[in-house]
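Residue indices begin at 1 and follow the sequence shown. The figures that follow rest on heavy atoms only: side chains count, while hydrogens, waters and symmetry mates do not.
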Amino acid sequence: MANTMGRVRAANPVVDTMIKALRLGLEFLFKKSLAQTPVVNANQAVATMRVGTREATLLDRLGHQTSIGGIEAVARIPKDFSRDLQANGLTDALDAPNQMPAARRLGFVLEALCLPRLATVVGKWLAARRRLVHPLEAAPVRAATTTLTSDRWSIAYTAQQKATLKEMA
């Protein structure tokens, strides 16, 4: 039995997990271009919900990578769900506003994870767009760290970041 604020309750693994999650904290993010985000209808037990597509969610995670554990945490998504990611869904998600930095990062990650089918989709989408170099991770790189640049993706990265992604492939 656990004692919570002076009351005794039976141990419940689900409740205990929820309490731990709440202690870690939840962060809600506001998306300015929500209306342009591709969505699907997900049938739930009680009602149908409109949710962002897998591809749109992946791009959103790239935009907020520092909040969710860095580029490694984001890279697990396409690695684990590459069969479920669709080329047309990826193009639709890329067409939403302000996706250029996320698109470059995604192309670099997909290529490093040996997912050429999806990397090609991103590469074609980027081909007609202006090339500015973006860092792979939004978090600043230590000054003493040497950065490399991918000409294909216009992404600045470190040798350690590339090695970590190669290990995941």
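One distance of note links CZ of Phe81 with OG1 of Thr57; it measures 11.0 Å at 0.5 Å rounding. The structure places CD of Glu72 at 14.5 Å from NZ of Lys79, a figure rounded to the nearest 0.5 Å. Here the straight-line distance linking atom CG of Leu136 with atom CH2 of Trp153 works out to 12.5 Å at 0.5 Å rounding.
Looking only at distances, a side-chain donor or acceptor of Glu55 sits under 3.5 Å from a matching main-chain atom of Gln86. At least one donor-acceptor pair under 3.5 Å links the side chain of Gln65 to the backbone N or O of Leu62. A donor-acceptor pair is defined here as one N or O able to donate and one able to accept, closer than 3.5 Å; such a pair exists between the side chain of Arg129 and the backbone of Trp125. Side chain of Ser154 to main chain of Ser150: no donor-acceptor pair is present (N/O by atom type, distance under 3.5 Å, no hydrogens or angles). Side-chain atoms of Glu111 do not come within 3.5 Å of backbone N or O of Phe108 as any donor-acceptor pair.
Taking each heavy atom of Leu165 and Ala75 in turn, the nearest pair found is CD2-CB, 3.6 Å. When every heavy atom of Ala103 is checked against every heavy atom of Val122, the shortest pair comes out as O-CG1, 3.2 Å. In terms of heavy-atom proximity, Leu118 sits nearest to Ser82 at CD1-O, 4.1 Å. Leu113 and Met168 get closest at one heavy-atom pair: CD2-CB, 3.8 Å. Minimum heavy-atom separation, Ala169 to Ala112: CB-O, 3.6 Å. Contact detail for Val74 and Pro78: the closest heavy-atom pair is O-CD, 3.1 Å.
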* To do: Using the side-chain contact (heavy atoms from CB on, under 4.5 Å) rule, take Leu85 and Leu90 through it: C-alpha gap first, then chi angles, then the decisive distance, then the call.
  => CA-CA 7 Å; Leu85 298 173; Leu90 192 52; over 6 Å; no
* Asked: Going through the checks in order, is the side-chain contact (heavy atoms from CB on, under 4.5 Å) test met by Val39 and Thr53?
  -> CA-CA 5 Å; Val39 296; Thr53 62; 5.6 Å; no
* List the steps and the verdict of side-chain contact (heavy atoms from CB on, under 4.5 Å) for Thr158 and Thr146. => CA-CA 6 Å; Thr158 66; Thr146 302; over 6 Å; no
* When you look at Tyr157 and Arg105, which way does the side-chain contact (heavy atoms from CB on, under 4.5 Å) test go after all the steps? -> CA-CA 10 Å; Tyr157 63 96; Arg105 290 177 181 125; over 6 Å; no
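Looking at heavy atoms from C-beta onward, Thr149 lies out of side-chain contact with Ile155 at the 4.5 angstrom threshold.
At a cut-off of 3.5 Å, with distance as the only test, no side-chain donor of Thr48 or Asn41 sits close to an acceptor on the other residue.
With hydrophobic clusters built from ILVMFWY side chains whose heavy atoms lie under 4.5 angstrom apart, Leu148 shares a cluster with Leu110.
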